[in-house]
Amino acid sequence: MLEKGFLFCAGVPPSRGEAWGADGAKGFCGERESGSMSGEEERAAKESSLETIRGKLALLPDKPGCYLMKNREGTIIYVGKAKVLKNRVRSYFTGSHDAKTQRLVSEIRDFEYIITSSNMEALILECNLIKQHHPRFNVLLKDDKTFPYIKITHEAHPRLEVTRRVYKDKGKYFGPYPNAFAAQETKKLLDRLYPLRKCKTLPDKVCLYYHMGQCLAPCVQEVAEATNEKLVQQIARFLNGGHEEIKKELTDKMLAAAEELNFERAKELRDQILSIDAVMEKQKITTVDAVDRDVFGYVVDKGWMAVHIQYMRQGKLIERHVSLFPYYGEEYDDFISYVTQMYSDNPALPKEIFLPALPAAEAGRTEAAAAVGEEQGDAAALAPEERDVREALEAWLKVKVHVPQRGLKKQMVDMARDNARMALEEKFRMLERDAARSVKAVENLGQWLGTGTIRRIEAFDNSNIQGTNPVSAMVVFIDGKPDRKEYRKYKVKTVKGPDDYETMREVIRRRYERVLKEGLPMPDLIVVDGGKGQISAAIDVLENELGLFTPVCGLVKDAKHRTAQLMSGDPPEVVPLPRDSQEFYLLQRIQDEVHRFAITFHRETRAKSMVVSQLDAIPGIGEKRRKALLKHFGSVRKIKEASADDFKELGIGAKLAGEILRALRGEAEAEAEQRPDEPAEAGFVGATGEEAP
């Protein structure tokens, strides 16, 4: 029996479907044998797993999060947390370890991880995952950590305490909180603000707290039940979110103390405010409302979509699931289609569903509109398409559907999106590292185009802004990998205005005239950025001018500037290459790389032309002096920041230096720079630009 396994970011429970691999087939990184194996097979499987692990270690992010170690059956055997995932997970597979750790490492055949936005979230998530999975190596935690709570005891004279155990004793519990120090500090603050009793057992005389005004002394005087109840309600209001009002009062007191030069009291108040911030810090892994909800996030790139779902139950993250698959329509429509299919056969529905916003609507939505959505229900700020989706899902599933606009709920959706993005980026990076698949993609591409074996691909792209500073660039891929030392840049010389076809003709002509003249290697395939016009222009130059018959194909983009289809032949025709194929992904990488290279070169050229025009416009600055200035100072910005004396090393006098500064800074700035408070010394450039006598 073969069990399909998804080895990245989130394992897919069999009951929830299967993940999609890089080649569009179910599974990823191969299949795992779940039955018995011989010794030789087991060693081979172990070596294969370690090779996979080595590849994944190179892709770990330098972010906080949790990691889950698995054995060969796919069972989670250890859950840990890390401030920097990359460093912590790598440490298991390098250096020496004690006996317990070595035993753990010897059983690891795979790992997963979840990124979080803070270290405290990683700690809380680790606790939830351990409670859920009961990993064998996590049965006895070294520090036996549980989270602290603030408790108001249920007694005739209640008191505050910090505890790590929650009992059904009618006491009021608030938490859990991120760390014991912050909880203790907040308790101290509450003790100072609300004078409940402090002693565990009532003494026979008043203590210091009474004299400090922090206790009503029920040990020696009667305290009405209504008084205690009022204090309990005030504390509960504070811990349930009313701390902002207290912070404002403390801030006012702190400022008043500072004005009275009572800095010791001001520091004490400042520390109290900081402790409130620490203990009331919200985290997204465990929420305070204990509502069952599913949180969705998705990202798209290169024709693929990654959807990450966080299953929150009783306010705690108990499970997560990521799916990667090619998509062909509009990204939001395909995402909603995925959501509806997931719930169609799923009777275990949550109370709430959080969905990400429609990308176009999110980009255009103002902060004010988001605020209106928070106050009047998030439907008030939704785009019509978002509102339709929400209403349809609510009517069908009979659950609340939200598209959060800001605040904690929006952060939860953003975290799901971050995990989806990380899964998709890892997929692409692993594909790029897999040389065997790249070579196979190149071989298959040759079959699709009917050109035979393809090893060397040269790709071209043009870049200009309305015909200004036109440039072109060429990148080279050999066996599916970029060969950067072969990259070339071209400044277009003969074409005037934004003429992409003639630009392509010039660049193809210049490139392959040189190839013929110098005996350079010929490509097996030429890729141009564009459709029929660009392909025809390139073929015309190659065949009719140079006598070359190298295959040429073009990559056509859609209205959203995404790679849409491959064209080849004379006349050019569409090649029905599947979008989820390795060959299509290879072409996308090539097009993205040549576009990046061309855009970067165009920006550099435009920036240099702006520098040249600025300096050339100054009387007395020719080409030789301009080059000397740029070589000496490094940039126009540094020339602007220079003083008149700095120009002397270049043999530029005070008068010309003043003219340079005025031209680059503007008249007022330059004169201010040259007008010293003290009398001008000999050789200093004055406001008139003349040398002072």
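Computed from a predicted model, the values in this text were never measured in an experiment.
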Checking T550 against M522 for the side chain to side chain contact (heavy atoms under 4.5 Å, CB included) test, could you report, in this order, the C-alpha distance in whole Å, the side-chain angles of both residues, the deciding distance, and whether it holds?
CA-CA 8 Å; T550 303; M522 285 292 298; 3.3 Å; yes
Just wondering, do [Y] and [X] contact through their side chains at under 4.5 Å, heavy atoms?
X: L542; Y: I526; result: yes
X: F601; Y: Y490; result: no
X: P523; Y: Y512; result: yes
X: I652; Y: R625; result: yes

Do any N or O atoms from the side chain of N419 and from the backbone of I115 form a donor-acceptor pair under 3.5 angstrom?
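Confirmed, N419 side chain pairs with I115 backbone.
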Report yes or no: does E518 contribute a side-chain atom to a donor-acceptor pair with the main-chain N or O of V515 at less than 3.5 Å?
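Absent.
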Taking NZ in K532 as the centre, count heavy atoms belonging to other residues, nucleotides or ligands within less than 6.0 Å. Is the count above 12?
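Counting other residues, nucleotides and ligands, NZ of K532 stays at 12 neighbours or fewer.
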Is it true that atom CD of E573 has more than 12 heavy atoms of other residues, nucleotides or ligands lying nearer than 6.0 Å?
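Atom CD in E573 is not crowded, with 12 or fewer foreign heavy atoms closer than 6.0 Å.
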Using a strict threshold of under 4.0 Å (side-chain N to carboxylate O), is an ion pair present between [Y] and [X]?
X: D592; Y: R596; value: no
X: D483; Y: K481; value: no
X: D524; Y: R456; value: no

Under the salt bridge (charged side-chain N to carboxylate O under 4.0 Å, His left out) test, residues paired with E506 that sit two or more places apart
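For E506 the salt bridge (charged side-chain N to carboxylate O under 4.0 Å, His left out) partners, ignoring immediate neighbours, are R510.
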Set of side chain to side chain donor-acceptor pair (under 3.5 Å) partners for D540, sequence neighbours left out:
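In terms of side chain to side chain donor-acceptor pair (under 3.5 Å), with neighbours along the sequence ignored, D540 is linked to R505, N544.
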Classify the ring geometry of Y585 against F428: parallel below 30°, tilted from 30° to 60°, perpendicular beyond 60°.
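Parallel, since the angle between the ring planes stays under 30°.
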Flag the pair Y338 / F296 as yes when their ring centroid distance falls below 6.0 Å, and as no otherwise.
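Y338 vs F296: aromatic centres not under 6.0 Å.
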Within this structure, what is the CZ-OH distance for the pair R417 and Y298, rounded to the nearest 0.5 Å?
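Answer for the CZ-OH pair, R417 versus Y298, is 7.5 Å.
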Check: Y487/E593 side-chain N/O donor and acceptor closer than 3.5 Å:
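Yes, a side-chain donor-acceptor pair sits under 3.5 Å.
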Residue pair D529 / Q591, side-chain donor-acceptor N/O under 3.5 Å
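Result is yes, a qualifying pair exists.
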Take S91 and R88, measure what side chain to side chain donor-acceptor pair (under 3.5 Å) needs, and give me the verdict at the end.
CA-CA 5 Å; S91 69; R88 184 71 184 98; 2.9 Å; yes
